[in-house]
Novice: 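Encoded as structure tokens, here's the structure I'll be asking about.
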Amino acid sequence: FDARTDAPVAAPFHSPGKVRDLKLTSDGGRLLLVSEDEAGQSGTPLNAQLYDAEGARLGTRFALTNFIPESPTHWIGGISGTGRRLVIVRGSLTQLWDAEQGQVLGSPFQHLNTAGATVSPDGSRAVTYSETNVFLINAVNGEMITALPHENTVDHAEFSPDSLLLVTACRDNDEKP
């Protein structure tokens, strides 16, 4: 829907099962849907699929094991502008994914407490954070680039629209771009 006029911008399209979560790219051109399988059997992993704005499937559908969107500590942390890279948060664990190939990139990052994460708009970098730890990740291969220690708890991190800057918000009364 066009948020200004309430008019539909595309015909509705159907997912294989009940939609449980979604994430729209910043330009509105791609959509990641997380849904149950066709049978809707409980206990089975949820599936993720990337779509274009007209409802055409892009890439492969893939399973998100142990992902519970209704949990306050589980969410799609971020998605790149192309929709190709995304990061999933499951409590204290974050995973970087290639959404077109349906593959985890690198090893999951395990934090001590609930984590946060996002992906740069160009899909080249990701960041995951919890407590006083911030990790900058190469979103092409999933490898950690560097750790960015903070003296106080980090509550949020965000990339600039051109993906060149990363800013973190923590409880020390300073913003550090």
Side-chain angles (χ1 to χ4, degrees), residues 19-35 37 44-52 57-69 71-150 153-170 176-177:
V19 175
R20 303 271 298 276
D21 202 358
L22 59 85
K23 191 76 163 184
L24 188 65
T25 58
S26 59
D27 68 357
R30 295 188 177 196
L31 175 70
L32 180 81
L33 289 181
V34 176
S35 64
D37 66 8
T44 60
L46 298 177
N47 296 297
Q49 175 70 56
L50 190 62
Y51 293 88
D52 68 15
R57 287 184 178 189
L58 303 172
T60 187
R61 192 171 93 170
F62 56 98
L64 294 175
T65 307
N66 300 321
F67 181 66
I68 306 165
S71 169
T73 62
H74 289 208
W75 65 86
I76 302 168
I79 189 166
S80 65
T82 63
R84 185 160 188 202
R85 295 288 186 260
L86 71 117
V87 64
I88 299 290
V89 178
R90 292 187 345 239
S92 60
L93 184 82
T94 61
Q95 286 183 306
L96 180 66
W97 285 82
D98 179 323
E100 288 182 343
Q101 302 298 315
Q103 297 175 343
V104 174
L105 299 171
S107 299
F109 283 81
Q110 181 68 56
H111 295 274
L112 295 175
N113 292 309
T114 301
T118 193
V119 179
S120 64
D122 70 0
S124 67
R125 301 283 186 259
V127 65
T128 180
Y129 54 91
S130 181
E131 304 95 27
T132 60
N133 301 307
V134 176
F135 301 103
L136 185 63
I137 303 163
N138 179 328
V140 175
N141 59 22
E143 294 179 9
M144 183 173 68
I145 296 169
T146 191
L148 304 167
H150 287 63
T153 300
V154 177
D155 292 316
H156 191 75
E158 194 73 36
F159 288 96
S160 63
D162 63 5
S163 302
L164 297 177
L165 299 175
L166 171 68
V167 64
T168 59
C170 63
K176 296 176 185 169

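Model, not experiment: these values are computed from the prediction.
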Novice: Give the minimum heavy-atom separation between Gly91 and His74, together with the two atoms involved.
Specialist: N-CD2, 3.6 Å
Novice: Hey, what do you get for CG (Asn47) to OG1 (Thr65), rounding to the nearest 0.5 Å?
Specialist: 9.0 Å
Novice: Give the minimum heavy-atom separation between Cys170 and Val154, together with the two atoms involved.
Specialist: CB-CA, 3.8 Å
Novice: Of all residues at least two apart in sequence or in a different chain, which pass the side chain to side chain contact (heavy atoms under 4.5 Å, CB included) check with Gln103?
Specialist: Gln101
Novice: Among all residues two or more places apart in sequence or in another chain, which pass the side-chain hydrogen bond (donor to acceptor under 3.5 Å, both in side chains) test with Ser107?
Specialist: none
Novice: Give me the one residue out of Leu32, Leu31, Ile76 that meets side chain to side chain contact (heavy atoms under 4.5 Å, CB included) with Leu22.
Specialist: Leu31
Novice: Measure the spacing between CD1 of Ile88 and OG1 of Thr94 and express it to the nearest 0.5 Å.
Specialist: 10.5 Å
Novice: What pairs of donor and acceptor atoms, side-chain ones from residues 139-149 against any protein atom, are under 3.5 angstrom apart with sequence neighbours left out?
Specialist:
unit_1 : atom_1 : unit_2 : atom_2 : d
Asn141 : OD1    : Glu143 : N      : 2.9

Novice: Using the side chain to side chain contact (heavy atoms under 4.5 Å, CB included) definition, which of the options Leu64, Leu105, Ile79 pairs with Trp97?
Specialist: Leu64
Novice: To the closest 0.5 Å, what do you measure between CG (Asp21) and CD1 (Ile68)?
Specialist: 12.5 Å
Novice: Write down the atom of Asp27, the atom of Gly81, and the distance for their closest heavy-atom approach.
Specialist: OD1-O, 4.0 Å
Novice: The criterion is salt bridge (Lys or Arg N to Asp or Glu O under 4.0 Å); which residues satisfy it with Arg90, sequence neighbours excluded?
Specialist: none
Novice: Hey, could you give me each pair passing salt bridge (Lys or Arg N to Asp or Glu O under 4.0 Å) that has a residue in residues 91-111? Not counting sequence neighbours.
Specialist: Arg30-Glu100, Arg84-Asp98, Arg84-Glu100, Arg85-Asp98
Novice: For Thr128 and Val87: C-alpha separation, side-chain torsions, deciding distance, then whether side-chain contact (heavy atoms from CB on, under 4.5 Å) applies.
Specialist: CA-CA 9 Å; Thr128 180; Val87 64; 5.7 Å; no
Novice: What's the spacing between Thr82 OG1 and Leu50 CG if we round to 0.5 Å?
Specialist: 8.0 Å
Novice: Are the side chain of Gln49 and the backbone N or O of Arg57 linked by a donor-acceptor pair below 3.5 Å?
Specialist: no
Novice: Could you pull out all residues at least two apart from Ser120 that satisfy side chain to side chain contact (heavy atoms under 4.5 Å, CB included)?
Specialist: Asp122, Ser124, Arg125, Phe159, Ser163
Novice: Take the angle between the ring planes of Tyr129 and His156 and call it parallel below 30°, perpendicular above 60°, tilted in between.
Specialist: perpendicular
Novice: Distance from Leu166 atom CG to Glu158 atom CD, nearest 0.5 Å?
Specialist: 9.0 Å
Novice: Could you report the tightest heavy-atom contact between Lys23 and Gly78, atom names first, then the distance?
Specialist: CE-CA, 4.2 Å
Novice: Taking all non-hydrogen atoms of both residues into account, name the closest pair between Thr25 and Ser80 and its distance.
Specialist: CG2-O, 3.4 Å
Novice: What heavy-atom pair brings Ser130 and Asn113 nearest, and what distance separates the two atoms?
Specialist: OG-O, 3.2 Å
Novice: Working to the nearest 0.5 angstrom, can you tell me the gap between Leu96 CG and Leu86 CG?
Specialist: 7.5 Å
